[in-house]
Amino acid sequence: MAGASGGFLAGVNDPWLKPRLLRALVAERLPQPGGTELPPVELASVLGAVRTHGLLTESLPDCAPEDPKLAVAWRAAVDSWVERAVALVESDSAYSCWLGTCFLGMTFQECSNERFAESYSNWYEKILSNLQQEPSNLQLVTVISCTSMSDLFVRLAKFLNLKKEASAFAGRVVEPVLRLLNENGLVADEATDLLRAVIKLYPSSVNRHYNKVESAIVATVMSTEVNIKPSDKFARTLALLPSIRVSEDSWSLMIRRILIVVNNLLNEALVGLEEEKNGHDIMLLLVPPGADPPPTLGDQVRSGANVHITKKFHVCTVPTISALMHCCSVMLTSYYPVQVNVPTRALVALIRRVLLVDGSLHKKLLPSTTSLHQELICFELPSLHSTFLDLLSATIKGMRSQLLPHGASIIRLVTEYFKIAKLPSLRTKAYSILQLLLTSMGVGTLLHLLEVTVSNAIADLNDDGGSDMTIINTNPSKVTNESSSKIYSKKRKQEPQVQNSFVSGSEKAAISPRKRKGSSVPIASKAMTHETTGDVRISTPLSVKIAALETLEILLNVGGSLQTDRWRPEVDLLLINVAINACDTGGSYEQKPSTFGGASILDLQLASLKALLASFLSSPYARPPYLAKGIKLFMKVRDRH
């Protein structure tokens, strides 16, 4: 080969390039133990070169499958890389140890299977010694050691013939990791990642440490010293614990214990803002009369004992509730090898308990809280509502048709929550719950969701063209063809044609509530109508409009032909109006530029066109009423783009 003698290479694909590059890296760019520090840019360059060129793979190309000189040279180059990395790990210098551990972590990922099988035991001992040292003065070394050990276990799991040895190695790691969680919160994030890898890959190795692991994770979740972001990691790790002792009861027992902790925290947090019996009723569902209460979760150490009462709710109570509810969400949506019993009634009752709290004092109770506590609750309510909406979503995803016996209570909950949800983020999540229910609970549930879906979608979308927000009545007993015919005729006489309107006056009469006498479609209350200041209309945020349109699209696709006389005329007219207005660059939807990562006018246009298409495809009529206008709009959009 051209590059075998150290002369010129045949090109970038010359197989001799890789051993020559690796030798040059080790000789010229890798520092000696205790030597000068590598600048971060230089370190990134070295690691990038190793990964990009595959310098540690030792895989001979097809053009030279039996070149012994190339194999020997490449193996010698990798040997020099490994020797330098190990020498750095064994150095007394903290920086050299950190750098060597970093290089070993790259080696775990990139080296050949043969080399890994030969050397993994020695490498494991080097990393384990780092984890067993006192972490106070070697925080960076401890962090990179946790990451590298995770990489080693991930690679080791691919060797089925080494499963027994790997499980033994994993068991030896648990004690040092628990010590890191209990003593050094600064490295808790990386230690948790390593613990999760061990539980996922080798659950049996954690069995004898189960109680200690549970206590450490629960204590970390309820700690005030760890910020909120890693709490999700701890919650996901807690959700993995039932997989250590797989049985029909372990999963159910874990989620019941979590719900009991959260219910007790809510008893203190929501005092004066709900009926006093709510918490007691949920506890009866979790621990029926005569049954033995389950063991406490972890050591059940209450966090925030030394925190001021006004700060405790923000830094302790709410993050703990959010993390534990996230744990339940993960458990409900993750695979478990055996069938489990979900405490559905208690779960739905707990979700209902939080979502129906709007911050107001309970009417039937004398004030049993302070105005300051009420302010703290109102400040954190959006976060709590968001967390429990996620839990409701996970419950629907995890149980689907098994949730049918509880469908009525969930429908009532969603209907009532739409009256409370005013913030865009919460209203958008509420629409996502509707979408899940429409697609997973069957036609029977869909019929009961018609009113809440259509009425709220109309309220959120019908703010263009100066129209009032209307909420339709889907009760057929209150709608007659005769009254609708009279209204339609009277409206045609009273409202002239508007040249620039998107639909004719006769079409608008089908939905407009103005000047209706005896109409069965009640006008929304003043609290639901749009506020105006001068000529400026306060419009529904784009994210909410898009969520409403997506929900209507699903409703049309799943049940567009069901009881069409109740709701299709209003929805069909609304969708053609919204689509035309959204696609008109000068329409009322042309608001200020969206924030980075937020919904844009293009997203609204796409959602409106998809909903309009669903309206046409699901129309119960031989010819959809606004087909001509829709085709013209689609052609206009096509020509524009």
Side-chain angles (χ1 to χ4, degrees), residues 228 231-233 235-236 238-239 251 254-255 258-259 262-263 266 282 318-319 321-336 340 342-357 380-442 445-446 448-449 452-453 456-457 460 543-544 546-555 557-558 599 607:
I228 297 175
S231 292
D232 287 346
K233 285 189 176 183
R236 290 194 293 270
L238 185 62
W251 189 96
M254 174 62 74
I255 200 168
I258 293 174
L259 294 180
V262 173
N263 190 61
L266 291 173
I282 295 174
V318 173
I321 293 174
S322 298
L324 293 177
M325 290 299 90
H326 181 69
C327 174
C328 291
S329 298
V330 174
M331 292 177 66
L332 288 165
T333 54
S334 299
Y335 168 77
Y336 196 68
V340 297
V342 182
T344 310
R345 288 185 61 194
L347 193 60
V348 174
L350 190 67
I351 295 172
R352 180 181 182 86
R353 179 185 184 185
V354 174
L355 292 185
L356 296 189
V357 171
E380 297 292 347
L381 264 185
S383 175
L384 284 175
H385 280 194
S386 179
T387 298
F388 280 82
L389 286 172
D390 291 338
L391 179 59
L392 178 57
S393 176
T395 304
I396 298 171
K397 290 178 181 177
M399 300 188 65
R400 291 192 172 272
S401 59
Q402 299 177 23
L403 205 58
L404 281 175
H406 309 275
S409 60
I410 293 178
I411 292 172
R412 287 194 299 269
L413 171 60
V414 173
T415 302
E416 294 177 41
Y417 185 70
F418 262 101
K419 301 174 184 178
I420 298 175
K422 302 301 181 183
L423 294 179
S425 59
L426 299 181
R427 201 161 181 84
T428 300
K429 283 194 175 185
Y431 274 117
S432 70
I433 299 295
L434 275 180
Q435 294 170 20
L436 284 174
L437 292 172
L438 290 172
T439 55
S440 62
M441 298 288 282
T445 302
L446 186 147
H448 295 285
L449 290 172
V452 62
T453 302
N456 284 285
D460 287 329
S543 59
V544 178
I546 293 170
L549 287 167
E550 291 173 345
T551 306
L552 285 180
E553 179 190 356
I554 293 175
L555 175 64
N557 288 331
V558 176

### Considering all heavy atoms, the nearest I282-A346 contact
CG2-O, 4.3 Å
### Query
Taking only residues two or more places apart in sequence, or in another chain, which ones meet T344 in a side-chain hydrogen bond (donor to acceptor under 3.5 Å, both in side chains)?
none
### Task
Would you please test E550 and Y431 for side-chain contact (heavy atoms from CB on, under 4.5 Å) and show each step?
CA-CA 9 Å; E550 291 173 345; Y431 274 117; over 6 Å; no
### Query
Which distance, rounded to the nearest 0.5 Å, do you find between the CG of L355 and the OG1 of T387?
10.0 Å
### Task
Would you indicate whether the side-chain heavy atoms of L436 and M441 approach each other to under 4.5 Å?
no
### Message
Counting C-beta onward and ignoring hydrogens, is there a side-chain heavy-atom pair between S425 and P382 closer than 4.5 Å?
### Response
no
### Query
How far does CG of L434 sit from OG1 of T439, to the nearest 0.5 angstrom?
10.5 Å
#### Entry: Contact check, side chains of C328 and M325, non-hydrogen atoms, under 4.5 Å
yes
### Query
Which atom pair, heavy atoms only, marks the closest approach of S543 to P424?
OG-CB, 4.2 Å
### Query
At what distance, to the nearest 0.5 angstrom, does OG of S383 lie from CZ of F388?
10.0 Å
### Task
For L384 and V357, run side-chain contact (heavy atoms from CB on, under 4.5 Å): C-alpha distance rounded to whole Å, both residues' side-chain angles, the deciding distance at 0.1 Å, then the answer.
CA-CA 10 Å; L384 284 175; V357 171; over 6 Å; no
### Residue pair M399 / V342: nearest heavy atoms and the distance that separates them
SD-CG1, 4.0 Å
## Note on the structure
Between C327 and A239, the two heavy atoms sitting closest are SG-N, 3.6 Å
### Task
Under the side-chain contact (heavy atoms from CB on, under 4.5 Å) rule, what do L324 and L238 come out as? Steps first, then yes or no, please.
CA-CA 9 Å; L324 293 177; L238 185 62; 4.0 Å; yes
### Query
Do the side chain of N456 and the main chain of V452 share a donor and acceptor less than 3.5 angstrom apart?
yes
### Query
In a check of side-chain contact (heavy atoms from CB on, under 4.5 Å) between L449 and each of L555, V558, L438, which one passes?
L438
### Query
Can you name the residues that form a side-chain hydrogen bond (donor to acceptor under 3.5 Å, both in side chains) with Q435, not counting sequence neighbours?
T551
### Task
Just jot down the side chain to side chain contact (heavy atoms under 4.5 Å, CB included) partners of N557, sequence neighbours excluded, or say none.
E553, A614
### Query
What pair of heavy atoms forms the shortest contact from A421 to R427, and how long is it?
O-NH1, 2.9 Å
Just distance, no hydrogens or angles: give the donor-acceptor pairs under 3.5 Å from side chains in residues 390-398, sequence neighbours left out.
{"from": "D390", "atom 1": "OD1", "to": "K429", "atom 2": "NZ", "distance (Å)": "2.9"}
{"from": "D390", "atom 1": "OD2", "to": "K429", "atom 2": "NZ", "distance (Å)": "3.0"}
{"from": "T395", "atom 1": "OG1", "to": "L391", "atom 2": "O", "distance (Å)": "2.8"}

Table please: side-chain donor-acceptor pairs of residues 404-419 below 3.5 Å, with sequence neighbours left out.
{"from": "S409", "atom 1": "OG", "to": "H406", "atom 2": "O", "distance (Å)": "2.8"}
{"from": "T415", "atom 1": "OG1", "to": "I411", "atom 2": "O", "distance (Å)": "2.8"}
{"from": "E416", "atom 1": "OE1", "to": "R352", "atom 2": "NH2", "distance (Å)": "3.3"}
{"from": "E416", "atom 1": "OE2", "to": "R352", "atom 2": "NH2", "distance (Å)": "2.9"}
{"from": "Y417", "atom 1": "OH", "to": "H385", "atom 2": "ND1", "distance (Å)": "3.2"}

### Task
Assess whether side-chain contact (heavy atoms from CB on, under 4.5 Å) is satisfied between V354 and I321, documenting all intermediate values.
CA-CA 11 Å; V354 174; I321 293 174; over 6 Å; no
## Note on the structure
Residues at least two apart in sequence or cross-chain that pass side-chain hydrogen bond (donor to acceptor under 3.5 Å, both in side chains) with T453, listed by chain then number, are none
